[in-house]
Enquirer: 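Questions regarding the structure given below will be posed in turn.
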Amino acid sequence: MPSYEFTCPTCGRFDGRHPITDVPESAPCPVCHNQSRRRICGGALLRSGSTATRLLDATARTASEPPRVAAPPPRRSPRVTRNPLHRKLPRS
């Protein structure tokens, strides 16, 4: 179920969940119970805490907080193949 933003004149913004087919133009504020108008914006279809939301948050965080590396990765030993056809391949 998508989440829509509403603006209360006294309390400010809050989110409300409503079916796509039945989105009200106003909803009662959860704090003061005044009627609040719906803001014109896209609905949020992701649930907080879902796998998709956590992945999007982690991806957004990497832009400003790249992961730290304690040490370079270990060196791999070269792969040895026993296939005689591989000897004909160019070496890099």
Side-chain angles (χ1 to χ4, degrees):
M1 190 174 328
S3 177
Y4 295 93
E5 261 186 41
F6 293 89
T7 304
C8 175
T10 56
C11 301
R13 296 182 183 169
F14 65 92
D15 291 336
R17 292 178 175 257
H18 301 281
I20 293 175
T21 58
D22 187 31
V23 182
E25 289 299 317
S26 64
C29 175
V31 178
C32 65
H33 304 290
N34 287 337
Q35 283 297 324
S36 306
R37 293 185 50 117
R38 181 172 54 118
R39 292 192 63 226
I40 302 298
C41 62
L45 296 175
L46 296 176
R47 290 178 283 152
S48 62
S50 69
T51 305
T53 303
R54 283 185 275 141
L55 178 62
L56 289 172
D57 290 343
T59 303
R61 251 192 326 271
T62 60
S64 61
E65 304 170 17
R68 294 183 190 167
V69 177
R75 297 189 107 190
R76 290 188 195 179
S77 60
R79 291 184 62 183
V80 178
T81 177
R82 305 248 186 256
N83 188 335
L85 295 176
H86 289 167
R87 291 186 193 135
K88 295 179 182 178
L89 292 174
R91 299 188 185 268
S92 56

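Only this structure's heavy atoms are used, side chains among them; waters, hydrogens and symmetry mates stay out.
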Enquirer: Phe6 and Pro24: which non-hydrogen atoms are nearest, and at how many Å?
Expert: CE2-O, 3.9 Å

Enquirer: Heavy-atom distance under 4.5 Å between the side chains of Pro28 and Gln35, does that happen here?
Expert: yes

Enquirer: Going by the rule side-chain hydrogen bond (donor to acceptor under 3.5 Å, both in side chains), which residues pair with Thr7 if we only count those two or more places apart in sequence or in a different chain?
Expert: none

Enquirer: Only one of Arg87, Lys88, Arg82 clears side-chain contact (heavy atoms from CB on, under 4.5 Å) with Pro84; which?
Expert: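 It is Arg87, the one option of Arg87, Lys88, Arg82 that forms the side-chain contact (heavy atoms from CB on, under 4.5 Å) with Pro84.
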
Enquirer: Atom CZ in Arg39, atom CG in Asp15: separation rounded to 0.5 Å?
Expert: 10.0 Å

Enquirer: Under the side-chain hydrogen bond (donor to acceptor under 3.5 Å, both in side chains) rule, collect the residues that match up with Thr59, sequence neighbours excluded.
Expert: none

